[in-house]
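A single structure is presented below for examination.
Sequential numbering from 1 along the given sequence is applied to the chain's residues. Counting starts at 1 for both ligands and their atoms, following the listed order.
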Amino acid sequence: MDCPTMTMSVSPLSCFCMFLLCYATVLNPVSAMQSCDFPAIFNFGDSNSDTGGLAAAFNWTNPPYGETFFHMPAGRFSDGRLIIDFIATSFGLPFLSAYLNSLGTNFTNGANFATSASTTTPPRSIIPVGEFSPFYLDAQYWQFTQFIYRSQIIKKTGGIYKNLMPELEDFPKALYTFDIGQNDLAQGFFGNMSIEEVNASVPDIVNRFSTNIKNIYKLGARMFWIHNTGPIGCLPYILATFPAAQMDSAGCARAYNEVAQYFNYMLKEAIVQLRKDLPLAPITYVDVYSVKYSLYTEPHKYGFEHPLVACCGYGGKYNFSSVGVCGDTVTVNGSQIFIGSCERPSVRVNWDGVHYTEAAAKFVFDKISTGEFSDPPVPLRMACHSKLD
Ligand SMILES: *[C@@H]1O[C@H](CO)[C@@H](O)[C@H](O)[C@H]1NC(C)=O
Ligand SMILES: *[C@@H]1O[C@H](CO)[C@@H](O)[C@H](O)[C@H]1NC(C)=O
Ligand SMILES: *[C@@H]1O[C@H](CO)[C@@H](O)[C@H](O)[C@H]1NC(C)=O
Ligand SMILES: *[C@@H]1O[C@H](CO)[C@@H](O)[C@H](O)[C@H]1NC(C)=O
Ligand SMILES: *[C@@H]1O[C@H](CO)[C@@H](O)[C@H](O)[C@H]1NC(C)=O
Ligand SMILES: *[C@@H]1O[C@H](CO)[C@@H](O)[C@H](O)[C@H]1NC(C)=O
């Protein structure tokens with residue numbers, strides 16, 4: 001057990017570690033087939049699961065972001081809910097507050113450390129001068145470290161704070177969810193790296209990911225639900241930027257998707273190793289790639305249309321260009337144009353050229369929550385068990 005605090009005076013963190021020693025014996029052996037009762041979710045990642053972190057740090061999203069579900073911008077890069085929102089709701093938990101949001105947050109049932117544009121490795125260019133979030137995965141881990149400790153100090157001050165912070169004993173019982181990697185690939189593609197060079201950087205990215213999982217485990221996290229990365233080569237921001245790319249039968253940029261597949265292959269291997277290194281931890285690898293990709297190969301079967309075209313964008317074959325992005329007001333040929341939503345986001349896959357619609361997120365959630373796309377094939381509600389026995 002990696003608790004260095006046993007001989008020190010009792011701090012909230014050491015209580016936490018001692019508690020874990022007891023809890024680990026309860027977790028193991030697994031009580032077969034019982035649905036998990038996660039009191040909290042702690043999420044790490046990028047815009048695929050950012051519920052308001054980047055928006056709080058820099059600038060709140062503009063309309064029409066959020067219009068479908070929240071009827072106003074909600075800090076998410078979507079017209080509505082994200083996969084992580086559907087995950088929280090499925091456990092009867094409220095939507096996760098972004099750790100970086102100083103206004104109206106409630107962390108009783110977890111916290112979200114994800115920020116849009118986050119990478120796993122240190123970002124080479126940072127918003128607002130550059131393009132990526134300063135809160136890369138290591139930074140999210142540092143924030144989580146102080147969150148455990150400071151939330152308990154704040155809780156003790158009582159008053160209104162008492163009911164805004166999680167219980168100490170909820171940390172080892174919580175679900176830890178991850179969706180990150182897409183921006184590491186994007187950083188390479190949009191930087192001056194060849195596809196082969198980006199591909200060659202994958203092992204480093206995955207190593208860094210594994211290190212963070214181990215570090216978060218050392219803080220007491222036990223149950224992990226890890227999404228692989230989606231088919232980046234099907235997104236308008238790739239398709240519009242690299243028009244010379246060779247397309248596959250679904251119209252996606254083949255080589256870009258192959259790098260994503262290699263990332264996923266390495267991630268899956270890394271998780272096999274993590275299960276050996278962290279025997280107490282049920283770790284579920286979730287193949288989000290395959291579910292998202294099916295939206296491009298068989299959109300009509302699932303009730304979607306124009307999967308490769310942004311619903312909210314402007315210009316070109318993919319409704320995505322440098323003229324302006326979703327929510328901007330731009331001047332084109334002397335007239336002002338507001339870049340708003342398409343007519344039916346409920347039948348669309350891509351929202352703004354980079355991110356998925358709520359309808360697509362719901363579709364992906366429905367598929368991945370069954371366990372059919374998980375390794376081991378554990379449904380979401382069983383993700384506290386290491387396998388089905
Ligand atoms: C933030 O968003 C508002 C509303 O769209 C815009 O007017 C303002 O320029 C933005 N600020 C920054 C720093 O980007
Ligand atoms: C925060 O959430 C908890 C759990 O959902 C709830 O009991 C509590 O009342 C909330 N606190 C505030 C101030 O809304
Ligand atoms: C790529 O290289 C060009 C030419 O050397 C340079 O102007 C540009 O800033 C580079 N872009 C990035 C993202 O490094
Ligand atoms: C990426 O690297 C792996 C391992 O070397 C190789 O098998 C794969 O073909 C490469 N993919 C691309 C798109 O370069
Ligand atoms: C602006 O007007 C010209 C001439 O009518 C047209 O060819 C061009 O496509 C227009 N540009 C845009 C961005 O609509
Ligand atoms: C492209 O985006 C515009 C908003 O600028 C939207 O009105 C239009 O419906 C979109 N086109 C498609 C085909 O979705």
Side-chain angles (χ1 to χ4, degrees), residues 38-41 62-65 67 79 88-89 91-97 103-111 151 154-155 158-167 170 174 185 188-189 193-206 231-233 236 238-240 242 245-246 248 252-269 299 304-332 335-353 357 359:
F38 299 116
I41 297 172
N62 291 327
Y65 282 95
E67 65 165 21
D79 60 318
T89 302
F91 290 112
L93 301 176
F95 298 143
L96 296 186
S97 289
L103 303 173
T105 47
N106 187 341
F107 299 114
T108 306
N109 300 110
S151 64
I154 290 168
K155 200 174 177 66
I160 57 164
Y161 299 110
K162 198 174 173 306
N163 297 319
L164 295 173
M165 297 295 147
E167 300 290 340
D170 287 346
L185 306 186
F189 295 143
M193 286 165 81
S194 68
I195 287 174
E196 289 68 30
E197 285 169 334
V198 180
N199 193 58
S201 73
V202 163
D204 280 346
I205 301 166
V206 172
I232 190 171
I238 291 289
L239 293 165
F242 305 104
Q246 194 199 18
D248 66 13
C252 301
R254 187 191 301 276
Y256 296 82
N257 276 350
E258 280 169 4
V259 178
Q261 285 163 18
Y262 179 53
F263 174 89
N264 291 339
Y265 168 79
M266 293 299 286
L267 180 67
K268 199 169 176 181
E269 295 278 293
F304 289 91
E305 49 191 51
H306 311 305
L308 299 169
V309 179
C311 161
C312 180
Y314 188 88
K317 189 173 167 193
Y318 303 105
N319 209 21
F320 185 84
S321 70
S322 55
V323 173
V325 294
C326 185
D328 284 352
T329 300
V330 295
T331 306
V332 179
S335 48
Q336 285 220 318
I337 295 175
F338 172 64
I339 303 181
S341 173
C342 63
E343 264 170 37
R344 294 165 68 210
S346 62
V347 298
R348 300 296 289 272
V349 172
N350 193 279
W351 168 243
D352 62 0
T357 58

Does Glu167 have any salt bridge (charged side-chain N to carboxylate O under 4.0 Å, His left out) partners at least two apart in sequence or in another chain, and if so, which?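 Listed in chain order: Lys155.
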Using a 4.0 Å cutoff against the non-hydrogen atoms of Asn163, which atoms of ligand 2 qualify? 1 (C), 8 (C), 10 (C), 11 (N)
Which of the ligand 2 atoms, numbered from 1, are nearer than 4.0 Å to a heavy atom of Asn106: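 Near Asn106, meaning under 4.0 Å from one of its heavy atoms, ligand 2 has 1 (C), 2 (O), 3 (C), 8 (C), 10 (C), 11 (N), 12 (C), 14 (O).
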A side-chain contact here means heavy atoms from C-beta on lying under 4.5 Å apart; do Val202 and Val259 qualify? yes
Measure the spacing between SG of Cys342 and CD of Glu305 and express it to the nearest 0.5 Å. 8.5 Å
Would a 4.5 Å heavy-atom cut-off, applied to side chains only, mark Leu93 and Ile41 as touching? yes
Under 4.0 Å from ligand 6, residues with heavy atoms, in chain and number order, are Val309, Ala310, Cys311, Gly313, Asn319, Ile339, Gly340, Ser341, Cys342, Arg348
Sequence neighbours left out, what passes side chain to side chain donor-acceptor pair (under 3.5 Å) with Ser321? Give chain and number order. none
Numbered atoms and elements of ligand 2 in range of Leu164, under 4.0 angstrom, heavy atoms: 11 (N), 12 (C), 13 (C)
Side chain to side chain donor-acceptor pair (under 3.5 Å) between Tyr65 and Asp352, intermediate numbers included: CA-CA 9 Å; Tyr65 282 95; Asp352 62 0; 2.6 Å; yes
Does any part of the side chain of Pro39, heavy atoms only, come nearer than 4.5 Å to the side chain of Phe91, both counted from C-beta?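 Result no, sub-4.5 Å side-chain heavy-atom pair not found.
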Consider every N or O of Asn199 and every N or O of ligand 4, then say whether any pair is closer than 3.5 Å.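 Between Asn199 and ligand 4, an N or O pair is found under 3.5 Å apart.
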Proximal atoms of ligand 4 relative to Glu258 (non-hydrogen, under 4.0 Å):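 Per the distance check, 13 (C).
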Atom indices of ligand 2 within 4.0 angstrom of Asn109 heavy atoms, with elements: 4 (C), 5 (O)
Residues which pass side chain to side chain donor-acceptor pair (under 3.5 Å) with Asp248, listed by chain and number, not counting sequence neighbours: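 Residues passing side chain to side chain donor-acceptor pair (under 3.5 Å) with Asp248: Tyr293.
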May I ask you to test the Ile339-Thr329 pair for a side-chain heavy-atom distance under 4.5 Å?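 Of all side-chain heavy-atom pairs linking Thr329 with Ile339, none is under 4.5 Å.
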